[in-house]
Every structure is written in C-alpha cells, then in structure tokens.
Amino acid sequence: MSTTPPKPIELLAKDLNAQGGVFCPSPKAGMALWNTHPRVYLDVAATGEARCPYCGTLYRLKAGETVQGAH
C-alpha cells in the first residue's frame with residue numbers, strides 16, 4: 001500500500017455546498033465503492049482547504065476562487 005497522500009482535489013467555489021464545504025468520499029476524488037469510507041463533511045471555505053481524516057485527500061479551492069456568504 002502506498003503512503004503517498006492523494007493528489008489535492010482542486011475545487012471551484014461553485015463546487016462547495018451552501019455552508020462552504022464538501023463531503024468526502026467524493027466522485028471528484030475518484031473513489032469507487034470498494035475504497036470508500038464513512039461520509040464526512042469538510043469545511044473548505046474557512047481556510048481554503050480541508051483534509052479528510054479518513055483517506056487524507058486534500059480538498060483545496062483553486063487559486064483565485066473566492067467563496068461568498070459561507071459561514
């Protein structure tokens with residue numbers, strides 16, 4: 001098994017939900033049914049990125065993207 005963390009998933013502001021986050025596992029991360037984990041909410045808007053505590057996938061806003069109205 002590889003110990004290299006997965007490549008960051010770059011997100012557009014429109015990819016975030018109304019609260020400014022995403023759920024992992026995500027289709028954007030290329031996860032299949034066999035390698036998924038419990039669904040977890042990640043607040044990307046707070047700092048511009050968030051890492052999944054289960055799989056280590058890093059979700060990051062693409063450079064230049066801004067989030068409006070997220071809490």
Side-chain angles (χ1 to χ4, degrees):
M1 181 175 214
S2 174
T3 58
T4 306
K7 240 177 106 170
I9 305 297
E10 286 199 330
L11 302 168
L12 301 174
K14 69 178 184 171
D15 295 329
L16 304 181
N17 63 22
Q19 291 76 38
V22 294
F23 287 97
C24 189
S26 166
K28 291 185 177 288
M31 293 183 179
L33 184 58
W34 67 269
N35 69 346
T36 60
H37 52 69
R39 189 175 191 197
V40 61
Y41 174 78
L42 304 170
D43 185 359
V44 176
T47 63
E49 65 182 35
R51 185 174 302 275
C52 177
Y54 287 103
C55 66
T57 301
L58 179 64
Y59 294 87
R60 176 184 296 155
L61 279 177
K62 190 172 181 172
E65 287 290 305
T66 57
V67 179
Q68 300 294 324
H71 302 286

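Basis for what follows: all heavy atoms, side chains included, without hydrogens, waters or symmetry-related copies.
Phe23 shares a hydrophobic cluster with Tyr41; the chain of contacts runs through ILVMFWY side chains whose heavy atoms sit under 4.5 Å apart.
Residue Cys24 comes nearest to Tyr59 through the heavy atom pair SG-OH, 3.0 Å, listed as atom of the first residue, atom of the second, then distance. The two residues Gly56 and Arg51 make their nearest non-hydrogen contact at O-NH1, 2.7 Å. Heavy-atom minimum distance, Cys55 versus Thr57: SG-OG1, 3.0 Å. Of all non-hydrogen atoms in Pro25 and Thr36, the two that sit nearest each other are CG-CB, 3.9 Å. Contact detail for Val67 and Ala45: the closest heavy-atom pair is CG1-CB, 4.0 Å. Across all their heavy atoms, Val44 and Ala50 have their closest contact at CG2-CB, 4.2 Å.
Looking at Ser26 and Ile9, their side chains never come closer than 4.5 Å, going by heavy atoms from C-beta outward. Between Glu49 and Pro8, every side-chain heavy-atom pair lies at or beyond the 4.5 Å cut-off. The shortest side-chain heavy-atom distance between Leu11 and Glu65 does not fall under the 4.5 Å cut-off. Using a 4.5 Å heavy-atom cutoff, the side chains of Leu16 and Val22 are in contact.
Legend: salt bridge (charged side-chain N to carboxylate O under 4.0 Å, His left out) pairs involving residues 32-42, not counting sequence neighbours: none detected. Evaluation of the salt bridge (charged side-chain N to carboxylate O under 4.0 Å, His left out) test over residues 10-27, restricted to residues two or more places apart or in two chains, returns Asp15-Lys28.
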